[in-house]
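All chains are named by letter (A, B, ...) in the order of the sequence lines, taking the proteins before the strands, and each is independently numbered beginning at 1.
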Amino acid sequence: MKVVLPDNSELELPDGASALDAARAIGPKLAEQAVLARVDGRPQDLRLPLADGDHIQLLTTRDTQDPDALYVLRHSSAHLLAEAVRRLYPGVKVAIGPPIENGFYYDFDFPEPIREEDLERIEAEVRRELAEGRSWTREEISREQARDRFLAEEEPYKVELVDTAEGDISLYTQGDFTDLCRGPHLQDSKPIKAFKLTGLAGAYWRGDSSKPQLTRIYGTAFYSQADLDAHLHQLEEARRRDHRRLGVELDLFHLDDISPGSPFWHPKGQVIWNELEALRKRENAKRGWLEVQTPLIYDQRLWELSGHWEKYREHMFLIPEPDRTFSIKPMNCPGHMWLYNSRLHSYRDLPLRYAEAAPLHRNELAGTLHGLTRVRKVTQDDGHCFCTRDQIEDEIFACLDHAMFLYDLFGLGARFELSTRPENRLGTDEEWDFTEGALKAALERRGLAYEINEGDGAFYGPKIDLHMEDALGRAWQVGTIQLDYGQPQRLGCTYMSAENTEETPYLIHRALFGSFERFIGILTEHFAGDFPFWLAPVQVRVLPVGESHGDASLTLAGRLQDAGYRAEVGEPNETIGKRIRDAELEKIPVTIVYGDKESDESLAVRLRGGEQLTLGLVDLLTKLATL
RNA sequence: GCCGGAGUAGCUCAGCUGGUAGAGCAAACGCCUUGUAAGCGUUAGGCCGAGGGUUCGAGUCCCUCCUCCGGCUCCA
């Protein structure tokens, strides 16, 4: 048989030859360094037989940054971890251990809980394995054999995996550890040049909170120590950008025991909030969204009608009164529909777009709160568009366009996910075909790539989620665009059609920042606190060299304020060096030192980062306008 | 909510096997009047997360709760 190499040359091999055989045919060095094959673009274990005509590529220990090469390295590292843990902790049950984005984990069921300190011991054991060297062998056996084998080893999780596995069962063995595993794996442990355990956490078996909780050990591995160092450095950088840290350092906000999950916004943080709010209003006005204001608390009856009472009550803050129970709103939609229903509507009114950035309260589980990115007081840049079936695609398109305008403004990259019909749903298949089709068409018309989350839509309609990643590489949902026919029906929203029939409008729920809280958190990390000039809480600080320069400095700051900038004068009670340093640490974009040498004709301007300019006042104003 | 870890001054942290609570930065005050990333001195600052227990004595040991951190689940 023949296989095709990356340079399109053909290699003649005996039938049933593996990628490793192919490597040997090319050269012994390659065979030694090979870690993984890519066959027709898909990663495949070196030991598996190739088929005639396969396009193969051999990844080696030199492909240190290739995601597939790292995956196989880390997958094998996870098996080494499991081997070490089984040796050190007799009676432990092993669950699963896959590679992940920046490393790997392995889930165990320990007879006794272990602690962070134990990681050192485990890591040492893995190092011992690495020093000894391990090689992996692969075997394929029947399901029954696999079942018997793991039953004999008293590995109930493996037995369960065998029972639910599809296709043939493959096993990988290294040292005295055999794992049920699809692979692929390394030939041996030599390529693992850096190994580190990074953390310990609880995780439910199969991600299901009703199943037993296992202990997950996280780790990472690289093809070189330098790569591990670079990775650790990146983690350090992420910590430096952490919005929870920067929020306190830059005096933007703080969180307090007295109201968990609800930030206190300090004056400087509120400046950023206000700028985003102004942006929100400006763009909404341009795009035909009408600002409204609806109540914060509603009678239980409304939530019963909307379905929240049934589906969402555990997340709602209730206010029991003697004669009736109120709830603080966790979402704006019911209020907006109630507003819509306050009068009769004609098809001529549609699309009708209501916008409101009201504070919402959601009683999130205590363990899920996280800085600004997961809070209990949520302020969405919310909008609800009532429209006809024919208007859906254009309206979704407009929302996507609006979202991209905002994200581009900040240089943020977004990822789009289309969630389609779930198992439990309202509406006919024809209906879902149509609405999913409309969302797809809008995404494609706007030229946006998207992934599809099959079955992840809400029970009342499909949705498009917009994700961004924070400095630690965690993906956060920011915006969401959801199509809804069920709630308008439940609340009895109607309009009169051109044919004089009563129809139910479709409702598009839409938030583009997502929430101000989370969005500001992400922006803080994205910019590492160096907010763009228009968002900077203090834009210009004038530093008088001595007390005699105070009046001139005040005059200058006043002129800048008149021109619309947030300018202030610093106290002259420290050395200039110290005050420059403070301004840098506060990340103020423009600092002006004002002393004997300065005048309206000649100002000593320092930009954030250290660049210095000498500008007259007129040129300074021109310059500020470009920042 | 679940698993693991942690809560000491505004911030970052020290405080061993129980014996009257400490540093740096920040702050206030004073001196210096400063020229592009830290001038000098003085002072003040703590119910050691909350409640209970063990003990002659608890920041330190035990229990419960709260909050925070890393995850799981959930989610904007």
How long is the line joining [atom1] of [X] and [atom2] of [N], in whole Å?
X         : N       : atom1 : atom2 : value
Arg245(A) : rG70(B) : CZ    : P     : 13 Å
Asp257(A) : rG7(B)  : CG    : P     : 15 Å
Tyr204(A) : rC74(B) : OH    : P     : 10 Å
Arg240(A) : rU12(B) : CZ    : P     : 17 Å
Ile580(A) : rG39(B) : CD1   : P     : 12 Å

Need one value for [X]: base, sugar-phosphate or nothing, where a base atom within 4.0 Å counts as base even if backbone is also close, heavy atoms only.
X         : answer
Glu249(A) : nothing
Ala201(A) : base
Phe519(A) : nothing
Arg374(A) : base
Gln380(A) : sugar-phosphate
Gly207(A) : sugar-phosphate
Gly514(A) : sugar-phosphate
Gln612(A) : base
Thr215(A) : nothing
Ala604(A) : base
Ile576(A) : sugar-phosphate
Gly595(A) : base
Glu586(A) : nothing
Leu360(A) : nothing

Checking contacts here: which listed nucleotide ([options]) is nearest the side-chain heavy atoms of [X]?
X         : options                   : result
His370(A) : rG70(B), rA76(B), rC74(B) : rG70(B)
Lys578(A) : rG39(B), rU36(B), rA76(B) : rG39(B)
Ala203(A) : rC66(B), rC72(B), rA76(B) : rC72(B)
Ala366(A) : rU67(B), rA76(B), rG35(B) : rU67(B)
Glu364(A) : rC72(B), rC75(B), rA37(B) : rC75(B)
Val375(A) : rA76(B), rC72(B), rU67(B) : rA76(B)

Applying the Watson-Crick and G-U wobble criteria at under 3.5 Å, what pairs with [N]? Answer none if nothing qualifies.
N       : value
rU67(B) : rA6(B)
rU42(B) : rA28(B)
rC72(B) : rG1(B)
rU17(B) : none

State whether [X] places a side-chain N or O below 4.0 Å from either non-bridging phosphate oxygen (OP1 or OP2) of [N].
X         : N       : value
Arg244(A) : rG70(B) : yes
His549(A) : rG35(B) : no
Arg606(A) : rA37(B) : yes
Thr575(A) : rG39(B) : yes

Arg240(A) side, atom CZ; Glu236(A) side, atom CD - distance, nearest 0.5 Å: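 The CD atom of Glu236(A) is 9.5 Å from CZ of Arg240(A), to the nearest 0.5 Å.
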Salt-bridge contact Asp242(A)-Arg244(A) (side-chain N to carboxylate O under 4.0 Å):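 Yes, charged N to carboxylate O under 4.0 Å.
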Electrostatic pair Asp582(A):Lys578(A) at N-O distance under 4.0 angstrom: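 A salt bridge is present here (some side-chain N lies under 4.0 Å from a carboxylate O).
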Distance under 6.0 Å and angle within 45° of ring axis: Arg362(A) vs Tyr312(A):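 The answer is no; the distance or angle limit is not met.
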Where Glu395(A) and Cys385(A) come nearest, the two heavy atoms and their spacing: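 Shortest heavy-atom contact: OE1-SG, 3.4 Å.
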Distance between P atoms of rC40(B) and rC47(B) (Å, rounded):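 Comparing P positions in rC40(B) and rC47(B) gives a spacing of 31 Å.
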Under the side chain to side chain donor-acceptor pair (under 3.5 Å) test, residues paired with Glu125(A) that sit two or more places apart: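 Listed in chain order: Arg87(A), Arg128(A).
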Salt bridge (charged side-chain N to carboxylate O under 4.0 Å, His left out) pairs, two or more places apart, involving residues 605-615 of chain A: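 For residues 605-615 of chain A: Asp530(A)-Arg608(A), Glu584(A)-Arg606(A).
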